[in-house]
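The next block holds one structure in the form of structure tokens; read it before the comments.
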Amino acid sequence: MTKWIFVTGGVASSLGKGVSGASVGKLLQLNGFTAAMAKFDPYFNVDPGTMNPYQHGEVYVASDGAETDLDLGYYERFLGMKTTKDNTNTSGDIYKTVIEKEIKGHYNGNTVQVIPHITDEIKKRIDKFDNKVDVALIEIGGTVGDIEGLPFLEAIRQFTLEKGKGNVINIHLTLVPYIGAAMELKTKPTQHSVAKLREAGIMPDMIICRCEKPLDDDVKKKIALFCNVRKDAVMEATDCPSIYLIPESFYNQGVDKQVMKMLNLTPKKKFDTSWFDIMKKELTKEINVAVIGKYTGMKDAYKSIAESLYLAGLHNGIKVNDVYFEAEDENLLEKIKGFDGILIPGGYGYRGVEGKISAINYARENKIPFFGICLGMQCSVIEAARNMAGIKDATSGEFDNNAKEQVIAMLDEQKSVTSIGGTQRVGEYSAKIKKGTLAYKLYGTEDIVERHRHRYEFNPEYAERLENAGLIISAKHDKLPEIVEIEDHPFFIGVQFHPEFASNVDKPHPVFAGFVKACAEKHN
Ligand code: GLN
């Protein structure tokens, strides 16, 4: 039977419930248990895929094509799990299900209410993990006290009662601020936050305190007393240089031992601390990578790219300095001179595209390692068409619907889909890699499966002309080109998919690993 851990948060948002929960999950995995994590978000957007990256950070694409919140990226990177639609739920989506059922007459004319109808739907979705993993960690978005979060707290209260003691625990994450004038860590916000949680009928089993300074014994005693938890279940999460150090910090405090005790679990294997060693690898080289995009004012907009570069560097003993540039910057080429590599991520719309194309031209001609992702790949195809194959007006149908030379185009099957958020090729697709290419060298296999999220494709009608001009199409899905390369270049690769969603701590993505290694060689 599955055991359940609910992760709630209080005092402030952005304390790291996702990372804390995933770190607990990682420790349980290292004790031999299978673990999965899911998020329940109180906001009402039904399709996070259409949310503005400036407000919300990147849209993370799950393996089945669900367009989700970036927290799912943490679950995958920490736990090495593959997320799907089941790992992300919003109020909007939950209410929509209930309302649609009501319209269809499913409730036989009864009054439809938050309790029990919405709460039942929430519980049903939580229970999807039953018997699938040893431990399911459920993160509740927002902070306790938020009006829209109440149905979720009520649902987990009921769920806890139904599953019974010893099968479900609540871990509550709070902030313990340090007040300089008083030279003290303050526990009152935590007390208030737990009081709110108890008002909703939930008693925390463990409190994890985000704090700038370690909690001394007296502070822990006070939190234990006022918040009704055992002192040895008051844990601290001090600011760390890297989020991947958090599992070790929790391990040193005995978080996993406490959690297993509360859930009546005995370790399935001897704890293997070698996972912690990944973080201790000496970084002997340093590289500078220019990332050229258009949401650079919001670093979370490229979260998975940044994490993938970091993890690829970590495994190869390389410190990666990723610097973000606006593609529209007039002095872009001046600014990126001297960088060891250029990465162009995915994106939408024409703004900044000409800047990206000129940066790709610069990388190609000056043999600077280049890695293009999705729109970045499409721009590299346009660059090759214009400057290698002499198709001067080459462009994408996305930028000019009536353009004659659409080397990137919307194919007929996609044209028929019209609703926003529903027009794309999203989720996992397989591709076949050609032997003898850079892609084959990186992956070491002919068959790959990667995640997509785009409307436009490399137009197969131009494939032959571009290949004759020196562009290598090194992988295809059916007739659709998936990876492109350039001959006589130390590292030039464009991928139509999003490899940044498939990196994890145990295994960085092979194209990211190859890219950082090529940058390090260039740096020497
Ligand atoms: N805008 C491009 C398309 O829709 C690329 C999308 C992306 O980079 N994710 O095809």
Side-chain angles (χ1 to χ4, degrees), residues 47-54 56-63 65-68 70 72-73 291-296 298 300-306 308 324 327-328 342-357 359-360 370-383 385 394-401 403 406-429 431 450-460 462 476-477 480-484 493-502 509 511-512:
D47 182 0
T50 55
M51 287 168 90
N52 183 345
Y54 272 125
H56 215 75
E58 79 181 1
V59 172
Y60 188 85
V61 181
S63 63
E67 297 175 301
T68 73
L70 56 79
L72 265 64
V291 181
I292 304 170
K294 73 170 184 183
Y295 310 107
T296 52
M298 207 290 183
D300 271 356
Y302 298 114
K303 189 75 197 160
S304 291
I305 302 245
S308 296
Y324 294 77
E328 277 190 312
I342 295 172
L343 189 155
I344 303 195
Y348 291 82
Y350 182 61
R351 185 169 75 77
V353 159
E354 294 303 333
K356 291 176 191 177
I357 292 175
I360 294 168
F370 168 76
F371 184 7
I373 295 177
C374 210
L375 181 63
M377 175 267 200
Q378 297 176 353
C379 288
S380 75
V381 173
I382 297 172
E383 196 280 325
T395 188
S396 163
E398 179 178 12
F399 316 142
D400 179 359
N401 211 353
Q406 297 190 18
V407 291
I408 305 295
M410 191 185 279
L411 301 181
D412 288 342
E413 19 327 2
Q414 274 148 323
K415 279 184 192 150
S416 54
V417 200
T418 48
S419 83
I420 184 168
T423 56
Q424 309 199 76
R425 176 148 82 105
V426 283
E428 286 191 337
Y429 286 84
E450 291 281 7
R451 276 179 224 186
H452 289 248
R453 179 172 183 253
H454 52 101
R455 286 187 187 90
Y456 295 83
E457 306 278 354
F458 181 151
N459 185 347
Y462 285 88
K476 280 187 188 174
H477 167 78
L480 301 174
E482 294 271 70
I483 307 183
V484 297
I493 198 161
V495 299
Q496 181 58 84
F497 45 84
H498 288 277
E500 71 272 28
F501 299 138
H509 191 281
V511 183
F512 275 93

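Read the numbers this way: they start at 1 and go in the same order the structure lists the ligands and their atoms.
Taking 4.5 Å as the limit, every side-chain heavy atom of Tyr60 sits out of range of all side-chain heavy atoms of Lys303. Residues Phe497 and Ile483 meet the side-chain proximity criterion, which asks for heavy atoms closer than 4.5 Å.
At the shortest separation from atom 10 (O) of ligand 1 among protein heavy atoms lies Tyr456 N, 2.8 Å. Looking only at protein heavy atoms, the nearest one to atom 5 (C) of ligand 1 is Gly347 O, 3.3 Å.
Residue-to-ligand polar distances keep His454 apart from ligand 1: every N/O pair is separated by 3.5 Å or more. Inclusion of Cys374 in the set of residues having an N or O under 3.5 Å from an N or O of ligand 1 is not warranted. Geometrically, ligand 1 and Leu375 share a nitrogen or oxygen pair separated by less than 3.5 Å.
Ligand 1 has no atom lying under 4.0 Å from any heavy atom of Glu457.
The closest heavy-atom contact to atom 2 (C) of ligand 1, among the options His452, Glu398, Gln496, comes from Glu398. If you check each of Met377, Gln424, Met410, Arg455 against atom 4 (O) of ligand 1, the one with the closest non-hydrogen atom is Arg455.
The contact set between ligand 1 and Gly346, taken as ligand atoms under 4.0 Å from a residue heavy atom, comprises 8 (O). Interface of Arg453 with ligand 1, defined as ligand atoms under 4.0 Å from a residue heavy atom, comprises 6 (C), 7 (C), 9 (N). Numbered from 1 in the order shown, with element, the atoms of ligand 1 that lie under 4.0 Å from a heavy atom of His498 read 9 (N).
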Check the pair Glu398 / Arg455 against salt bridge (Lys or Arg N to Asp or Glu O under 4.0 Å), numbers first and verdict last.
CA-CA 9 Å; Glu398 179 178 12; Arg455 286 187 187 90; 5.6 Å; no

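Contact record, Val61 with Gly427: CG1-N, 4.2 Å, taken as the closest heavy-atom pair.
For the residue pair His509 / Glu450, a side-chain donor-acceptor distance below 3.5 Å is found, with atom types taken as modelled.
For Gln406 (side chain) and Asn401 (main-chain N/O), a donor-acceptor pair under 3.5 Å exists by modelled atom type.
A parallel orientation is assigned to the rings of Tyr324 and Tyr302, their planes being inclined by less than 30° (bins at 30° and 60°).
Glu67 contributes atom CD, which lies 12.5 Å from atom CG of Leu72 (distance to the nearest 0.5 angstrom).
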